[in-house]
Each structure stands twice: as structure tokens, then as C-alpha cells.
Amino acid sequence: MFFEDKISKVYDPTQVEQRWYKKWLEQGYFHGKVNPERKPYTIVIPPPNVTGSLTIGHVLNNTIQDVLIRRARMQGRETCWVPGTDHASIATETMVTKMLAQKGSDKNKIGREEFLKHAWTWKDEYGSLIIKQLKRLGCSCDWERERFTMDDGYYRAVITAFVQLYERGLIYRGTRLVNWCPATQSAISDEEVNYREVEGKLWYLKYPVTQSDQFVIVATTRPETMLGDSAVAVHPKDERFKHLIGESVKLPLTDRIVPIIADDFVDPEFGSGCVKVTPAHDPNDFQLGKRHNLDFINILNPDGSLNNSVPETFRGLDRFDARKKVVSAIDRKGVLENTEDYTTSIGYSERGGVPVEPYLSEQWFMAMEELAKPAIEAVRSQQIKFYPSHWIKTYEHWMTHIQDWCISRQLWWGHRIPVWYCRGNDVGQCQLECKEPIVSVETPESCPACGSKDLIQDHDVLDTWASSWLWPIGVHTWPDESDELDYFHPTDDLVTGPDIIFFWVARMIMASFEFKGEVPFRNVYFTGMVRDMKGRKMSKSLGNSPDPIGLMDKYGADAVRFGIMLIAPQGQDILFSEERVEIGRNFMNKLWNVSRFLLLSGEEIEVRPVSELNMDDLDLADRWILSRLNRTISAVDESFDAYRFNETAKKIYDFTWSDFCDWYIEVIKSRLYGSIKAEKIIAYSVACHVMKGILKLLHPFAPFITEELWQRLKIDEERDLIVEAWPEDTAAWIDNISEGNFCEIQEVITGVRTVRSEMNIPPGIRSDLFIRSDDGQSLRSNERLIKDLAKVNDLIIRPDVERPSKSATVIVGKKELFIPMGDLIDIENEKRRLSEKISSLDRRLSSVSAKLNNHDFVERAPKEVVERERKKLGDMKENLAKLKQNFSFLE
RNA sequence: GGACGCUUAGCUCAGUUGGUUCAGAGCAUCGCCCUUACAAGGCGGGGGUCAUAGGUUCGAAUCCUAUAGCGUCCACCA
């Protein structure tokens, strides 16, 4: 009877997905234009690194954005989701350097210009991979607006921002102790350092006090830095060492004489109470050095090896080799007092993966305090909302303790700092003025002070985040004003991970205030981290990160999207496994098959819009499902607006599977297969209406399959689903009475099914059903429904029904159901069943009556609650009596 | 050291304002079914003193306090 070729039995996503993505693009549905008639809805993508490929984290993040933008599009907003990629200065440079190394080349050999050529080639080759993958996922980005953080326009934005901040005095150059990554040989920001606990040692060293035979003992985790010591410090009030303050020690190995100083910083309780001070290689010692005017002795080369400031035997050694050699040298000298095991936390370079060095160098910094002020206020005042809100505290803490930001990097791939230095003219005049750097958006032709053309540009590039912090304004036309910029900025929602709250979120807020005078976005949704089932982070080295493309090949993009949305509670980490995607896949298949049913069974049935149906012709089930649909719509809207996507997905899932498929479709089968034309039309029209409502609600989550099914079910004047109107909940369809009546019928059917199942009645065998009920009106008018779904032959509903012999009993509400079973009945089984029911009801009854016997409860609880409990007690007593009576018939 | 989060069925997790519908879902498990959309399915069953101890309340998975375990972030001790 069914034509298998018309619609397959199993949903096959592959060609459906490709076909629809192409069609949507051709129709220009993704592109947003300035349109004063409509309210804009904007998102900017957190630009993935050009070097990257799609991870499960990206799937989660971008699915959420697509869900948001698709719903907004259906709600009639002018949508614009700007995509793009990040040049990822240090990450990309590291990869290109590795690639060169494989070819036997290296960046210093080929020089800056040549290196950048390689980098651009690399970018052109790999940069589009993740973009392709996002398309595969179904992301409805405005691809005509795709940007790259180093394209020409964006470059100009970054440089302009630098110049403006310099002119405001917020960007300055200074010599400071910075986090130095010896692997990439560049400074990095505080945020790019990750601390890890490491098993190390604490070495106690004896430093001889000059002109005395005494020693002071200092403890250190880094003995090699003793080569750069320029003092020993003690606490000023420490009685043990008071007499030594102002004296000096002679450093072993270098024989340098350094003073013993007093400073509150020293904790007398720790170690020996004496601290060696290495101002050029430790942040605390740096402060000490400044306070006490000590020498800053830099002992390291940029690659982490020891330089010429140390005795010859140590020169050129790597810092870790030097440590070993220093330890054995002092041991031989007899000044190694003691060695202890010691766990300490060491900062590692996020990209380089090696321990960072506090390293004295000249860098560019951005003063942050002033920039932070409006940004703090915006979040505090809820002008920007965080979901979940507990991130506010983290944000505020960082913002109120904000440090100046080291923005220069000793790298080549990135935005080269727009600063030039004059090397003086031939005459050699105006040397003084030439010391001022020339900071300019345009490349200067000559020195404004002396006219020399011998200018040299700063070698360094900017931190990646000093470009991506402009993303919301930079992807449009900034620094140029335009209608577009004003129309699409601020954006509505930002979806990102909490791991970049400081790197990116906080800085974007500061940038938009600084350069555009307003917030960059109104809401920030922080996703959780995606982990494996053991709770471990996804990582390449663990091999536990699944390939999203492989998953999409196997299950379809919709299944992947829906599966992950179903398990992504707001702000909670997500334990991912393929099983989740299977749930998505199964649901898509369910959806496919219920549509298949409608398409195949409705071939010759006329469909009418529900609004044109005569209300009086609607069946109880029709009213019920329409009421449920409308409740679902408003529940979906509610959880959507609260950014609770997992809840939203779950509601659609439950309604579709349980209400629509398991009940409504089963219920209407008798009408559809029957011979009354009018009934067919009504049931089928309602079913199609509900189905289309489901497709609309689900479209943001599963765009491909819903569009495909929509096309097959839609009537001519309807548009493509992607731009169809989002469903409105029609309050008029909400029908409490029908819901109550239908629920009663569901209970009767389930009750009968349970008994049949427990009594092992084969499904092929139908039985009669007697219902004793004072109020059987609603049941009687739905006889057919009960008969079909409960496999009943004769249905007798009367207040005075006699209990047939050899029957099983079920109590539903106030009704007694009797199922005559003839010889199939197992009396012992039925006895056990009933007595279990009796004792369980007995237990619940006594708990309710205890409650009602409690004076305080009756006095203090709201009236409705007490009334409810009273009614409950009454019903329970009645039911208990019925059960007991029926039990007695079995004796 | 500071901040935040988590602990509910064998597993993975929902549970928004305390009170019918609060103890739920999926997977797993057990029983019966290839019933003309779907076995990636249908029907039915079993399974939890909601981490622990106190407290608030007539009433707590839900609010408060403490404890334990797990996790994340920030600061950092030479």
C-alpha cells in the first residue's frame, strides 16, 4: 500500500543537508541589510583560529548561535551573524615555524618578509577549513560579511585604535619584568601563563657573610638564579638577623659582594627567614630591587640560555642544565646546606608549553584602569547580562584588580606596531626630538622633527587579543562611521566560553565603550566546557576528542546539533559521548517517520487550515493536542528567552514524541483509516497543523530535516521554513477541560494496558472492559478511542456495573475498571497485585492523614493546600475501600 | 590562601519561584510485541532516605549554616 520510493523508511541526511544549504545561500536568506523597517538582531562569531579545525566545543558554541539567529530570523528580525577567523598571532606563527623546520628551514634564516609569505600561504590553505566545517554544521552566517582579523580594513581598525590610545596616553613603552616564553622568544601577557603544580626541590644555600666566619642560609627553588643575585633580604624585626642588616655577603660562584637588606616582604616563618634577591628574574625581587635601588642583573638570553653576565663555565648553558651544574658546583664548594622535596607551582607558556621566565625587557603596555571603569559599571548595572550570572563575580574581580596589559609580541605574524623610530639625519641634528617615536596610522615618509627619511618601524607585533577586542565594531566599518555600524552595533548576544572571559569578553566591553561609546553586546551566554565521559578535557594528546565531521557523516548534522543541545544545561560542563548523538539521530528518524505517516496516509485527504474548521466538529483528542501544542509553544518561548536551550529542546522532544506520536497519531488512525470523509479531513488537518508547528519550533535546532519535511507538507502559499513566521501561541486553543478529559482516558488506557501486560495477555487477544463510574459521559463519547488503544471488544460504562467473575481490577480516579479474563486469569497473581496496591495506598493514606492531623499544618498552610489534602484523603479512602472490596471477591 | 560550581536511579543528567502534576528523562535492565510511520520502534514493569549533619518552616531535592568529596578560575610562598 505504501510507496517506499516516495519517502524512505529511514531518514538519510546527507543529500538533504547539502541541497538545502545551497538553496538557502542562493536565496540570500543569511544576508542582513540595513533595514530601518525591521529591528536588527546581530551576533558576531567568536572568530576561530585560522589554524584550527572544528571541535565539539565549536559545535556546541556555533549551534547555539545558529539556534538564536534562526529563531530571530523567523521572528521577523533583520538578522546578521558575522563570521570570520582570527589570525591567532602566536599560535599560527608557532605552526608555520614548525612547518618550516620540517622543511629544514627556519624563520631567522629566511627573514621577516619571506616568513610572512609562508604564513599567508599557510593561512590561504588552511584558513578556510573551519569555515567549510561551519557550513556543514548548518550555520546561517552572513558569509558576504566574512572577515579576517588581518584583512586590510580590520588592520586599519587595529592600528587606528593603537594610535588613538597612544595619543590619549593609555599606551606607553616601558622596561618591565614580563612573562617571557623562551620557546617562542616573545613576551606574553599574564593571561597566557598557566600555572601547574610541579614536584621540585628546595635548595638551602650558605652565603658567607663578609668579614666574618658566619653564614646566612637562603632557600631557593631556582639555584641558577643565584648568579644574578644582588642582595639578601631579611625581615626588619627578625631578631635572629637584626645584627646583619647593612652587612654584606659574598656570593659563592660569582664572588660578588651584595648587601643584606631589610624588607617587610620577607616572611620570617618561611625557610630560613633569609631570601636571596634576584631583581631581574623574579617579580617580587623586582619590586625589592626597585625599593632598595639594587642592581638588575639579567643572566638570560632570550632563548633561556645563560648569557655573558655569568661566570664562563655557565655561559651558553640552557637554564635547566645550568641549574644542575650550579647545584653540583655549590655542593663541591660545601655551601649546599640541605635539599628538600618541594611542590611548587610553575607558570607555563600557553602556546610554547615551556616554563615562562620573568624577564626584563622593553615592551608596549596598555594602561587598563580607566578603560575598565565603564566596563565594570555596564555589567554591574545589567546593561550587559551574563548567563549564567555567577560569572559576574569572576569578571568584576578581575576588572577591579586589572593590571596593565603587555601588548607587544616579539613575533612577525600579526599587526605590526605602528611606531617608527628616527635613526637621525645625515647632519645628526635634532637627536633629542628624534627620540620621540612616531606613532601613526599611515606610514610616515620622514621624521617630523628632523626630516630624515631613515626611519625604522618597531619590529614587534600586537597581541592577538589587541585586535580581536575590536571584533564587534571592526567587522563593520569602524573606524569609519556608517549606517551599517550604527544599525548592527551593539550586537544582541555573544556566545562564548568562560575560559576567554578575560582574554576577550572583558576587553571587547572596554573597547566598544572606548571607541564607540556603547556596549558591544547586550547578553553574554557562557557555554560549558565539553569533556569526555570521564570528565576529562577534550585534547588531542588524550585522543578523546571526537571528530565532529565524522559524527555528522555518520548521524547527520541535525542529530549532532540536537544531541548536543539536549545535554547542554546553562553554564554547566558537558560530558560528551556518541550516545548523545544517537539520541538526536533517533529523534530525527522519529520525526521523519511521523511525517512519512502523514504523507502516505493523507494522499487523498484534503487539508484545511485549522482556523477554517468548525470547532464543533473537533474531537476531544483534537482539542487536546491543539491545547498541548499551544502550551508547548509558550513554554518553548519562555525557556528560549531565558537561554535555557536544553530545556527548550527537551520540551519540543517530549511534545513531539509523547503527546503527538505516541498518543495523537495513534488516536487518529481509526478516523484516518475509517470511511467518514469529514472525520478524515479534520483529523488530518489538525495533525498537519501540529506537525508544522513542531517543524517550526524545531527548525532552529535541526534546520535541515525540518526544512525538508516542511517542503513536503506545506501548502503553496507558504514560504521556505527558514523564513516562515515563528509560531504564536494562541491562547484560545488552551483548553483545560479537554486536557483533563483526555488525561482521564489516557489513564484508563494505561491502566488496562498495565493489567494486560502484567497478566501476560498477548496483544492479539482482545478483551471486554467494564467500567463502573458515576460520571461516564466523557468516556462514553470516546468509546472508539479506548477500544482501539486498549484493545477492547465490548465496552460497558455504567454506574451500576456488576463485577464480572474472573476479572482483573484497576482503580483509575474514582472509576473501577474490570477486565474479564476468563481462563487467562491467574488468581494468585491478581491477589498479589491487588494487595500490593492496597498496602502502598495504605501507606500514602496514613501519611496524608498524619499531615491533616497536624494542627499547625491545618492552621498555617494556605487554605487551598489544606483543601487539596482533604480531598486527596477522601479519594484515597474511597479507593482503598474499592480495592479491598475487589480483593475480597478473589477469596 | 580567595572565588565559583557540582554531588538526585547502575550510567549520564533535568528539576525556574519551597506544597496536587515532585521524585523525572535518556541510556542500561526485565517482560510482551516485526500491531498497515518508525525495531533508530511500540506497550508495560523494576530501580533513588535527592552527598552528610544541623537549622528555618505547618511543610525542604528546593532556602540557610557547617562538613566531606570532585571540578574550575584567580592569587602565590622564596
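Worth saying up front: this structure is predicted, and the values here are computed from it rather than measured. Letters go in sequence order (proteins before strands), and every chain restarts at 1.
Each of A:D856 and A:R585 was assigned the nucleotide of RNA chain B with the nearest heavy atom; the assignment lying further toward the 5' end belongs to A:R585.
In the set B:G19, B:C74, B:U35, B:U35 carries the atom at the smallest distance from any side-chain atom of A:K791. Side-chain proximity of A:I583 to B:C74, B:G26, B:A25: nearest is B:G26. Here B:G19 is the nucleotide among B:C76, B:G19, B:G5 with the atom lying nearest to any side-chain atom of A:K851. When distances are taken from the side chain of A:E638 to each of B:C76, B:G42, B:U16, the shortest belongs to B:U16. Side-chain proximity of A:Y673 to the nucleotides B:G19, B:A37, B:C73 is greatest for B:A37. Nearest to the side chain of A:K393, among B:G19, B:C38, B:C4, sits B:C4. When distances run from any side-chain atom of A:E579 to the nucleotides B:C38, B:C27, B:A40, the shortest one goes to B:C27. Comparing B:C4, B:A40, B:G41 by their nearest atom to the side chain of A:H390 picks out B:C4. The side chain of A:F502 approaches B:C74 more closely than any other nucleotide in the set B:C74, B:A37, B:G15.
When heavy atoms are screened at a 4.0 angstrom cut-off, A:P862 is found touching base atoms of the nucleic acid. Looking at heavy-atom distances under 4.0 Å, A:A861 makes contact with a base. Residue-level contact check: A:C274 touches neither bases nor backbone, having no heavy atom under 4.0 Å from any strand. Within 4.0 Å of A:S272, counting heavy atoms only, lies no atom of the nucleic acid at all. Contacts of A:Y342 with the nucleic acid, taken as non-hydrogen atoms under 4.0 Å apart, involve only primed sugar atoms and P, OP1 or OP2. Contacts of A:V218 with the nucleic acid, taken as non-hydrogen atoms under 4.0 Å apart, are absent. Counting non-hydrogen atoms under 4.0 angstrom, A:D267 reaches a base of the nucleic acid. A:K669 comes within 4.0 angstrom of a nucleotide base, judged by non-hydrogen atoms across all strands. A:E864 comes within 4.0 angstrom of no nucleic acid atom, judged by non-hydrogen atoms across all strands. Residue A:Y11 is out of contact with every strand shown, counting any heavy-atom pair closer than 4.0 Å.
Between the side chain of A:K651 and the base of B:A14 there is no donor-acceptor pair of N/O atoms closer than 3.5 Å. The base of B:A37 is paired with the side chain of A:E666 by a donor and an acceptor separated by under 3.5 Å.
Nucleotides B:C30 and B:G19 place their P atoms 36 Å apart, quoted to the nearest Å. Taking atom C1' in both B:A61 and B:U7, one finds a spacing of 12 Å when rounded to whole Å. With both ends at atom P, the span from B:G18 to B:U57 equals 16 Å, rounded to whole Å. B:A60 sits 43 Å from B:A75 when the P atoms are compared, rounded to a whole Å.
Aromatic ring centroids of A:F526 and A:F386 lie under 6.0 Å apart. Annotation: A:Y643 is in aromatic contact with A:Y387 [ring centroid separation under 6.0 Å]. Separation of the A:Y653 and A:W657 ring centroids falls under the 6.0 Å cut-off.
Ion pair A:D788/A:R784 not flagged as a salt bridge, since none of the NZ, NE, NH1 or NH2 atoms sits closer than 4.0 Å to an Asp/Glu carboxylate oxygen. The pair A:K871-A:E867 does not meet the salt-bridge criterion, since no charged nitrogen lies less than 4.0 angstrom from a carboxylate oxygen. Taking 4.0 Å as the cut-off between side-chain N and carboxylate O, A:E340 and A:K201 do not count as a salt-bridged pair. Taking the charged nitrogens against the carboxylate oxygens, A:E836 and A:R832 have no contact shorter than 4.0 Å, which rules out a salt bridge. The pair A:R631-A:E739 meets the salt-bridge criterion, with a side-chain N (NZ, NE, NH1 or NH2) lying under 4.0 Å from an Asp/Glu carboxylate O.
Remark: B:C63 base-pairs with B:G55. Criterion, Watson-Crick or G-U wobble with two distances under 3.5 Å.
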**Message:** Generate the contact string for nucleotides 43-50 of chain B. Rules: B means base contact, S means sugar-phosphate contact only, - means no protein heavy atom under 4.0 Å.
**Reply:** SSS-----
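Within 6.0 Å of CG in A:L852 there are more than 12 heavy atoms belonging to other residues, nucleotides or ligands.
Checking the phosphate oxygens (OP1, OP2) of B:G42, a side-chain nitrogen or oxygen of A:W657 falls inside 4.0 Å.
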